[in-house]
Protein chains: 2
Amino acid sequence: MRSYKEIRGILQERITSQQWQPGDLLPSEQALSEEFGCTRSTVNRAMRELADAGLVERRRKAGTRVVQPKSHPATISIPVIRQEIENKDQSYKYLLLERLEALPPEDVRTQLGLEQNEKALFLKSLHYGDGIPQQLDVRWINISALPEASQESFADIGPNEWLLQRVPHPNIEHVFRADKATAEEQRLLQLQECEPVFTIERRTWISGQGITYVRLVHPGSRYRMATRSSAIPTFN
Amino acid sequence: MRSYKEIRGILQERITSQQWQPGDLLPSEQALSEEFGCTRSTVNRAMRELADAGLVERRRKAGTRVVQPKSHPATISIPVIRQEIENKDQSYKYLLLERLEALPPEDVRTQLGLEQNEKALFLKSLHYGDGIPQQLDVRWINISALPEASQESFADIGPNEWLLQRVPHPNIEHVFRADKATAEEQRLLQLQECEPVFTIERRTWISGQGITYVRLVHPGSRYRMATRSSAIPTFN
DNA sequence: ACATTTTTTATGTATAGACATTAAGTGATT
DNA sequence: AATCACTTAATGTCTATACATAAAAAATGT
C-alpha cells in the first residue's frame with residue numbers, strides 16, 4: 001500500500017525526468033488510484049501538493065497537466081540582522097542614530113496610509129558585526145497602528161526585531177535593488193569609493209493598515225542573499 | 001456547515017489579530033471540529049495549510065502552536081528577461097556575444113560536477129529593452145547532461161529561455177548581490193561611472209547532475225526585484 | 001531521586017463513500 | 001457556422017471511521 005508521499009514522489013520523478021513533459025495530461029485520480037492500489041483521496045492529496053508546488057496545473061473536468069514554467073521561483077527568508085551576524089559567529093552591536101516623530105514624506109505617507117497631517121515615528125539605526133557596519137535601517141513606523149512604539153526608546157533593541165515580536169504575522173512586500181550609495185550611506189557603512197549597496201525595501205501592513213516602511217541598506221561587498229536550497233520541493 | 005477554507009480563514013484571523021499570540025497553544029482538532037460543527041478531517045486540512053504557510057507549528061501529542069517568526073519570508077518569481085521586457089511594452093532584442101566549448105574554471109567545474117578535463121559550453125549574451133542593455137547572461141552549460149546544447153547555435157533564442165523549455169523543473173539555487181561592475185560589464189551594459197550591477201547567480205541541477213551555472217548581471221539603475229504581494233497567504 | 005516502562009493524547013494518514021462544482025464535450029437548434 | 005442546452009467526466013470537498021505514530025505525561029521499579 002502506498003502513502004501519498006510515495007505517490008507524490010513517484011509522480012514528481014516522472015515529471016522532473018520528463019517522462020511526462022510540460023503540457024502532457026496526467027492520468028486521472030481514478031486511474032492513478034487503481035495503479036497504486038489506494039483510494040482517490042490519497043492520490044488527490046499527492047497531486048494537490050504537486051500543484052501547490054507549481055509542478056502541475058489542475059482544472060476540473062480538464063484534468064491535470066504538467067506546467068511549462070515561465071519563470072524561476074525563489075523563496076528567501078530574511079532573518080533579523082542580529083541573527084545573521086550571530087550565525088556567522090561575529091559579535092553584534094546595535095546603535096540607534098536617530099529617533100523622532102515627524103511628518104513623513106509624501107510617498108511614505110501613502111504607503112502607510114496616513115492622514116495629511118499625521119505624524120509617524122522615524123528611526124535610523126546601524127548594526128555592526130565584529131565592529132564593522134553591516135546594515136543601516138531607515139524606517140517609518142505608523143504610531144496610530146502601534147501606539148506602543150511611542151513608548152519604546154529603541155535604545156537597546158533594533159526596530160526590526162521589536163516589530164517582528166510585536167506584529168508577528170503582517171502582510172509583506174519587498175523590493176530588492178543594487179543602488180549607488182549616498183554620501184551619508186558611504187560614511188555610515190564605511191564604504192569604499194564606488195562600493196554599491198544592496199537595498200531591501202519592505203512595507204508591512206495588517207488588514208489594510210500600514211505598519212512600517214523601511215529601507216535596509218547593506219554594503220554590497222559584505223552582503224549576499226541566498227535561497228536556502230532548491231526551489232522545487234524537496235517537500236518533507 | 002463550514003468549509004476548511006472558512007475555518008482556515010477564521011484561524012488565520014485569530015492569529016494575525018493576535019487573539020492567539022506566538023507561543024499560544026491552539027485548541028485541538030477535536031475541540032475545533034466541535035466548535036465549527038464539522039469533522040476532524042476538515043479542521044485538519046485547515047490547520048495543516050496554516051502550518052504549510054508557516055503561521056503555526058504542529059507536533060503530535062504536543063498540539064499546535066502559533067509560531068514566533070524569526071525572519072521575514074519572501075517568494076520571488078524570476079521571469080525570463082524577454083518576458084520582463086515585453087511586459088513593460090518595450091521592444092526586445094537579443095544578442096549572442098560568445099559561444100565556445102572549453103574547460104570551465106575550477107569553481108564552475110565543481111558546481112556542475114564535471115570531471116577534471118571535461119569541457120562545458122560557455123555562452124555570453126546580452127538582452128536589450130528598447131535598445132538599452134538590460135541583462136548580461138554569462139553562463140556555463142553541462143553538455144554531458146545536455147548534449148542537445150552542442151547542436152543549438154543560440155543565435156536566435158536566449159540560453160535562459162532555451163533551458164527553461166528543455167529542462168523545465170530542475171533544482172535551483174540562487175544568490176543575489178549588489179556588485180561593483182567590472183570594466184567589461186560597464187562597457188556592455190552601458191553603465192555610468194560607479195553604477196552598480198544587480199547580480200543573480202543561479203545554479204541548477206537534476207538528481208545531483210549539474211545543468212547550468214549562470215551570472216545574470218543587471219544595471220542597478222534599471223533593475224528591481226519585487227515580491228508579488230504579501231508573504232503570508234492570501235491563499236486561494 | 002532517577003531511570004524505565006506504560007499510558008494517554010494530539011496529530012498524521014488512509015479508507016469508502018457521497019455530493020458539489022466546473023468546464024469540456026455533445027448534440028440539437030437556429 | 002454559431003448558439004444554445006444537456007450530458008459527462010474530472011477535480012474539489014466533506015463525512016464517518018479506523019489505525020498509526022510521536023511524544024508528553026503518568027506510573028512503576030530500582
Side-chain angles (χ1 to χ4, degrees), chain A residues 1-15 19-69 233-236, chain B residues 1-15 19-68 169 233-236:
Chain A
M1 193 208 51
R2 306 206 108 116
S3 71
Y4 84 93
K5 282 185 184 178
E6 289 176 295
I7 294 172
R8 187 187 60 194
I10 294 167
L11 301 183
Q12 180 180 14
E13 167 60 21
R14 290 184 189 169
I15 291 168
Q19 179 181 338
W20 289 334
Q21 301 208 348
D24 285 0
L25 193 64
L26 269 64
S28 71
E29 296 184 346
Q30 178 63 43
L32 287 172
S33 72
E34 282 161 23
E35 172 180 351
F36 294 122
C38 61
T39 56
R40 189 168 76 83
S41 323
T42 304
V43 174
N44 178 276
R45 176 153 183 199
M47 291 179 99
R48 180 154 40 80
E49 294 201 353
L50 290 177
D52 291 345
L55 280 183
V56 299
E57 256 176 9
R58 321 195 70 201
R59 270 164 53 225
R60 282 170 160 143
K61 169 73 186 180
T64 303
R65 286 180 190 280
V66 178
V67 163
Q68 171 66 64
T234 301
F235 294 95
N236 296 309
Chain B
M1 193 208 53
R2 306 205 106 115
S3 72
Y4 84 92
K5 281 186 184 177
E6 291 178 293
I7 294 172
R8 187 187 61 193
I10 293 168
L11 301 184
Q12 181 179 15
E13 167 60 20
R14 289 184 189 169
I15 291 167
Q19 179 181 335
W20 289 334
Q21 301 208 348
D24 285 359
L25 193 64
L26 269 64
S28 70
E29 296 184 346
Q30 179 63 42
L32 288 172
S33 73
E34 282 160 23
E35 171 180 351
F36 294 122
C38 61
T39 55
R40 190 167 76 83
S41 321
T42 303
V43 174
N44 178 275
R45 177 151 182 202
M47 291 180 98
R48 181 154 41 81
E49 294 200 355
L50 290 177
D52 291 344
L55 280 184
V56 300
E57 257 176 9
R58 321 193 72 202
R59 269 165 54 226
R60 281 171 160 142
K61 168 73 186 181
T64 303
R65 285 179 191 280
V66 178
V67 163
Q68 171 65 64
H169 299 288
T234 307
F235 294 95
N236 298 309

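Numbers restart at 1 for each chain; the letters A, B, ... are given by sequence-line order, proteins then strands. Predicted model only: the values in this text are computed from it and were never measured.
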(request) Report the distance from atom CZ of A/Arg45 to atom CD of A/Glu29, rounding to the nearest 0.5 Å. (result)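 A/Arg45 CZ to A/Glu29 CD: 13.5 Å, rounded to 0.5 Å.
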(message) Tell me the closest heavy-atom pair linking A/Gly54 and B/His169, and the distance in Å.
(response)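 In terms of heavy atoms, the two residues are closest at O-CE1, 4.3 Å.
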Between [N] atom [atom2] and [X] atom [atom1], what is the distance in whole Å?
X       : N      : atom1 : atom2 : value
A/Asp52 : D/dG12 : CG    : C1'   : 13 Å
A/Asn44 : C/dA20 : CG    : C1'   : 14 Å
B/Leu32 : C/dT11 : CG    : P     : 8 Å
B/Leu50 : C/dT11 : CG    : P     : 13 Å
A/Arg65 : C/dA23 : CZ    : P     : 15 Å
B/Arg2  : D/dT15 : CZ    : P     : 13 Å
B/Glu6  : D/dG12 : CD    : C1'   : 15 Å
B/Gln30 : C/dA10 : CD    : P     : 8 Å

(message) Quick check: on DNA chain C, is the nucleotide nearest A/Thr39 upstream (toward 5') of the one nearest A/Ala62, or the reverse? Name the residue that is more 5'.
(response)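 Taking each residue's closest nucleotide, the earlier one in sequence belongs to A/Thr39.
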If you take atom types as modelled and just measure distance, does the side chain of [X] reach the base of [N] with a donor-acceptor pair under 3.5 Å?
X       : N      : result
A/Arg58 : D/dT11 : no
A/Arg40 : D/dG12 : yes
A/Arg60 : D/dT11 : yes
B/Arg59 : C/dT11 : no

(message) For B/Glu57, I'd like to know if atom CD has over 12 heavy atoms of other residues, nucleotides or ligands within 6.0 Å.
(response)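 At most 12 heavy atoms, drawn from other residues, nucleotides or ligands, come within 6.0 Å of this atom.
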(message) Regarding B/Ser41, tell me which of base, sugar-phosphate or nothing describes its non-hydrogen contacts under 4.0 Å with the strands shown.
(response)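 Touches a base.
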Do the side-chain N or O atoms of [X] get closer than 4.0 angstrom to the phosphate oxygens (OP1, OP2) of [N]?
X       : N      : answer
B/Thr64 : C/dA10 : no
B/Lys61 : C/dT8  : no
A/Ser28 : D/dA9  : no
A/Arg45 : C/dA14 : no
B/Thr42 : D/dT13 : no

(request) Scan A/Leu25, A/Leu11, A/Leu26 and name whichever one has a side chain to side chain contact (heavy atoms under 4.5 Å, CB included) with A/Thr64. (result)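 That would be A/Leu26.
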(message) Quick one, B/Glu6 with B/Phe36, criterion side-chain contact (heavy atoms from CB on, under 4.5 Å). Give me CA distance, side-chain angles, the key distance, then yes/no.
(response) CA-CA 10 Å; B/Glu6 291 178 293; B/Phe36 294 122; over 6 Å; no
